[in-house]
**Q** 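If you scroll down you'll find the structure; I have some questions about it.
First the proteins, then the strands, lettered A, B, ... as listed; each starts at 1.
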Amino acid sequence: MDRAGRPNQLFRNLNAKIASIPMVLTAVVIFTGATLWTVVYSFTNSRLLPRLEFVGFDQYERLWSSSRWIVSIQNIMIYGTLSLTFSLVIGFVLAAFLDQKVRFENTFRTIFLYPFALSFIVTGLVWQWILNPEFGIQSVVRSWGWENFVFDPLYNQSLVLYGLLIAGLWQGTGLVMCLMLAGLRGIDEEIWKASRVDGIPVWKTYLFIIIPMMRPVFITTLVLIASGIVRLYDLVVAQTSGGPGIASEVPAKYVYDSLFLRQNLAQGFAGSTMMLLTVLIVLIPWAYLEFGGKKRD
Amino acid sequence: MTDTALDIRASAGSQARAEALTGPNGPKPRPIISPRNIMIYGTLFVVSVYYLLPLYVMIMTSVKGMPEIRMGNIFSPPLEITFQPWVKAWAEACTGLNCEGLSRGFWNSVRITIPSVIVSIAIASVNGYALANWRFKGANIFFTILIFGAFVPYQVMLYPIVILLREAGLYGSLTGLVIVHTIFGMPILTLLFRNYFSSLPEELFKAARVDGAGFWGIYFKIMLPMSLPIFVVAMILQITGIWNDFLFGVVYTRPENYPMTVQLNNIVNSVQGVKEYNVNMAATVLTGLVPLIVYFVSGKLFVRGIAAGAVKG
């Protein structure tokens, strides 16, 4: 096409290159540069201001001996496992139900998905109110006659995570359902006909035929939920502020507090580097599965 | 008595014969009330109640007076409807020493969201177009980094961006926050536009090139008019995303520029003063109102937006 004159490789397709400058800057300066910067400074003893005085793995040792960080990690593991399991199961079951040619499908879908349009702050505050022991569910059930009914997850150290989970699932399951529904609609009708002819029960068809066929959808959803869980921050801030005590602290909050409230920069950098590491552990196998097999693209 | 019974049987018989003559049409009809349907609709109904409950409680609480809240139960409808909490939440609620209500946060959010949406979509659409139709060497490397960057926890990049913005003299300003939103909106939007432009027939692009149209000519005269739906999807995605943002707002702006979500959290979770739950709920509804309106108005496009956002190309 452009074999006639070739002045300079650099000026070929110049407009496209100019249009890509923001992307290149973002990719190089922010996503690569800023990430590396944080990793490097996590090995220093920066406190109020970043300083390049290397102290080896000291910050990480301090991090892993801090009870607040340990609690944060335990919390995110428990919350993450439960949230992942429940949102996948509930999301899939709801999608399977909606896929049965039910009436008012659009109405149901609208209802299940609307919380996803709301921010975590709004979600956290609403559930804080509903779970308020003085006025919320607990007091309502007590007024029905069960005087000793206790349901105050947000004020109980061992239950607070489940309080967060109720709110988190309320906000996020609609999305999972939507993705699953799209996946189910992508399954060929013939599969269903074949399994019906063979007399396979519906639940078996789902479990052994449909779900394995929907593997890509499940993996995408999994990666999506997982990367959201690692970032969990707003919901905790709004609903519990990390309390009672430190019972609902999460890593993202630990990092934020170290960076902007406790003037302990390097601790924050070390914490965020650990978060990055977690994401890589999830992401690399996924990228390998997704893109490793095929050579193209 | 036997006559009528016979009658019924006879009529039933004739009906069956008529059906047998015409043959079965369509799938086997299912009875409306069957165990299967009861289970499906029952479950969907129960789950719907769980999903709608918070919205209901939020609105009901926000139109009750405080005495009624203290006396009654949060699920009961108000005996007396009052809009005082809404007025108070909008114009008088306090965060610290400032008592201007949520209105300031609302206008800040408007001033953050509008430029962020426009700038991020403008940049990402041109970028996606370049990636789809004007590939150059190395473009895919940067694009891959961009997509992977979308998964890096924001916490990792928070502080270096603070330094960059401070060096540029933008730390704390609305402009700085707009830049941050543009940066973090870029992976998903670029992906969205790249995939959309790649799906358009290539002949169009080739024909325009033969006719002598250049990079910008094709973009403005052909691509842009053809892709209005995807621009709407991108707008929905960005408006709800940016309006709901909390972390960037709290990190990159000064208190007088705080977006609505940050101010809402400060109002509700402030420790001083008597808790006014009705005002808090009114403030919460007000903050959720913009994305909810966007959601209910946009309908299917919203679903398309999140599906496009979720399913990677």
Side-chain angles (χ1 to χ4, degrees), chain A residues 13 15-17 19-20 22-24 26-27 30-32 34-35 37-38 94 97 100 102 108 111-112 114-115 117-122 125-127 129-130 135-136 139-140 143 170 175 178-179 182 220 224 227 230-231 233-234 237-238 241 252 255-256 259-260 265 268 272 275-276 279 283, chain B residues 40-41 43-44 47-48 51-52 54 57-58 61 69 73-75 123 126-127 130 134 136 139 142 145-146 149 151-161 183 186 190 214-216 240 244 246-247 251 261 264-265 268-269 277 280-281 284 287-288 291-292 294-295 303 306-307 310-312:
Chain A
N13 211 347
N15 276 320
K17 283 176 188 169
S20 305
M23 173 185 79
V24 173
T26 303
I30 306 296
F31 290 162
T32 317
T35 304
W37 190 96
T38 298
L94 287 181
F97 279 3
Q100 308 299 314
V102 293
F108 281 123
I111 292 172
F112 297 155
Y114 89 90
L118 293 171
S119 68
F120 273 125
I121 300 294
V122 170
L125 294 177
V126 176
W127 283 99
W129 171 237
I130 294 176
F135 302 98
S139 96
V140 171
S143 73
W170 178 75
L175 169 73
C178 245
L179 298 176
T220 317
L224 216 71
S227 69
V230 176
R231 279 178 193 160
Y233 172 73
D234 317 15
V237 170
S241 316
V255 170
Y256 178 87
L259 291 180
F260 299 104
L265 288 181
S272 55
M275 288 172 70
L276 177 66
V279 171
L283 208 58
Chain B
I40 287 177
Y41 286 99
T43 314
L44 289 176
V47 178
S48 297
Y51 273 85
L52 284 174
V57 169
M58 226 184 330
T61 308
I69 291 178
N73 109 28
I74 62 168
F75 301 115
I123 288 179
V126 175
N127 199 357
W134 299 80
F136 57 92
F142 294 116
I145 298 176
L146 197 71
F151 291 103
V152 174
Y154 299 139
Q155 279 73 17
V156 180
M157 298 173 273
L158 279 184
Y159 200 80
I161 295 176
I183 288 172
M186 207 183 288
T190 306
F215 184 87
W216 298 105
T240 48
N244 288 340
F246 175 80
L247 183 65
V251 171
T261 46
L264 169 72
N265 187 49
V268 177
N269 282 330
Y277 296 104
N280 289 351
M281 280 303 115
T284 311
T287 310
L292 273 186
V294 170
Y295 172 69
V303 179
I306 59 160
V311 183
K312 307 275 171 224

**Q** Does any donor atom in the side chain of B:W216 or A:N15 lie under 3.5 Å from an acceptor atom in the other side chain?
**A**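 A donor-acceptor contact under 3.5 Å links the two side chains.
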
**Q** Is the centre of the B:F246 ring less than 6.0 Å from the centre of the A:F120 ring?
**A** no

**Q** Test of understanding: with side-chain contact (heavy atoms from CB on, under 4.5 Å), list the residues that count as partners of B:N127, not counting sequence neighbours.
**A**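 B:N127 satisfies side-chain contact (heavy atoms from CB on, under 4.5 Å) with A:S20, A:M23, B:L131, B:M186, B:T190 only.
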
**Q** With sequence neighbours left out, write down each residue that passes side-chain contact (heavy atoms from CB on, under 4.5 Å) with A:S143, or none if nothing qualifies.
**A**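 Checked A:S143 against side-chain contact (heavy atoms from CB on, under 4.5 Å); zero matches.
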
**Q** For the candidates B:G288, B:A130, B:P153, which exhibits the highest count of non-hydrogen atom pairs separated by less than 4.5 Å from chain A?
**A** B:P153

**Q** Looking only at heavy atoms and a cut-off of under 4.5 Å, which of B:T287, B:V47, B:I74, B:L264 has the most pairs with chain A?
**A**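 The residue among B:T287, B:V47, B:I74, B:L264 with the greatest pair count is B:I74.
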
**Q** Using heavy-atom distances under 4.5 Å, tell me whether B:I161 contacts chain A through its side chain, its backbone, both, or neither.
**A**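 Contact with chain A involves the side chain of B:I161 alone.
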
**Q** Where does B:V268 contact chain A at under 4.5 Å (heavy atoms): side chain, backbone, both or neither?
**A**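 When you check distances to chain A, only side chain atoms of B:V268 fall under 4.5 Å.
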
**Q** Of the non-hydrogen atoms in B:T261 and A:I121, which two are nearest, and what is the gap between them?
**A**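 In terms of heavy atoms, the two residues are closest at O-CG2, 3.8 Å.
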
**Q** If you count heavy-atom pairs within less than 4.5 Å of chain B, which of A:V230, A:L259, A:V237, A:T32 leads?
**A** A:V237

**Q** Taking all non-hydrogen atoms of both residues, which atom of B:Y51 and which atom of A:W170 are closest, and how far apart?
**A**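 Looking at all heavy atoms of both residues, the shortest contact is O-NE1, 3.0 Å.
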
**Q** Which atoms of A:P115 are under 4.5 Å from chain B, going by heavy atoms: the side chain, the backbone, both sets, or neither?
**A** side chain

**Q** Answer with side chain, backbone, both or neither: which region of A:W37 has an atom nearer than 4.5 Å to a non-hydrogen atom of chain B?
**A** side chain

**Q** Which word best sums up how the rings of B:Y159 and A:F260 line up, parallel for under 30°, tilted for 30 to 60°, or perpendicular for over 60°?
**A**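 Aromatic pair B:Y159/A:F260 classed tilted.
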
**Q** Looking only at non-hydrogen atoms, find the nearest pair between A:L125 and B:M281 and report the distance.
**A**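 Answer, listing the atom of A:L125 first, then B:M281: O-CE, 3.7 Å.
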
**Q** Between A:I130 and chain B, with a heavy-atom cut-off of 4.5 Å, which part of the residue counts as in contact: side chain, backbone, both or neither?
**A**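 Both backbone and side chain.
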
**Q** Select one option (side chain, backbone, both, neither) describing which atoms of A:Y233 are under 4.5 Å from chain B's heavy atoms.
**A**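 Side chain only.
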
**Q** Out of A:W127, A:F108, A:W129, which one racks up the most heavy-atom pairs below 4.5 Å with chain B?
**A** A:W129

**Q** So which part of A:V122 gets closer than 4.5 Å to some heavy atom of chain B, the side chain, the backbone, both or neither?
**A** both

**Q** Locate the shortest heavy-atom distance separating A:V255 from A:S272; write the atom from each residue and the value.
**A**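 In this case the closest contact between A:V255 and A:S272 is CG2-N, 3.5 Å.
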
**Q** Between chain A and each of B:I69, B:T43, B:T61, B:L44, count heavy-atom pairs under 4.5 Å; write down the option with the most.
**A** B:L44

**Q** Could you check which of B:N280, B:V57, B:I40 has the highest count of heavy-atom pairs closer than 4.5 Å to chain A?
**A** B:I40

**Q** Specify which of B:I123, B:V126, B:V152 makes the most heavy-atom pairs with chain A at under 4.5 Å.
**A**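 If we count pairs closer than 4.5 Å to chain A, B:V152 comes out on top.
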
**Q** Considering only heavy atoms and a distance below 4.5 Å, find which of A:A238, A:S139, A:G268, A:S241 pairs most often with chain B.
**A**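 Option with the top pair count is A:A238.
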
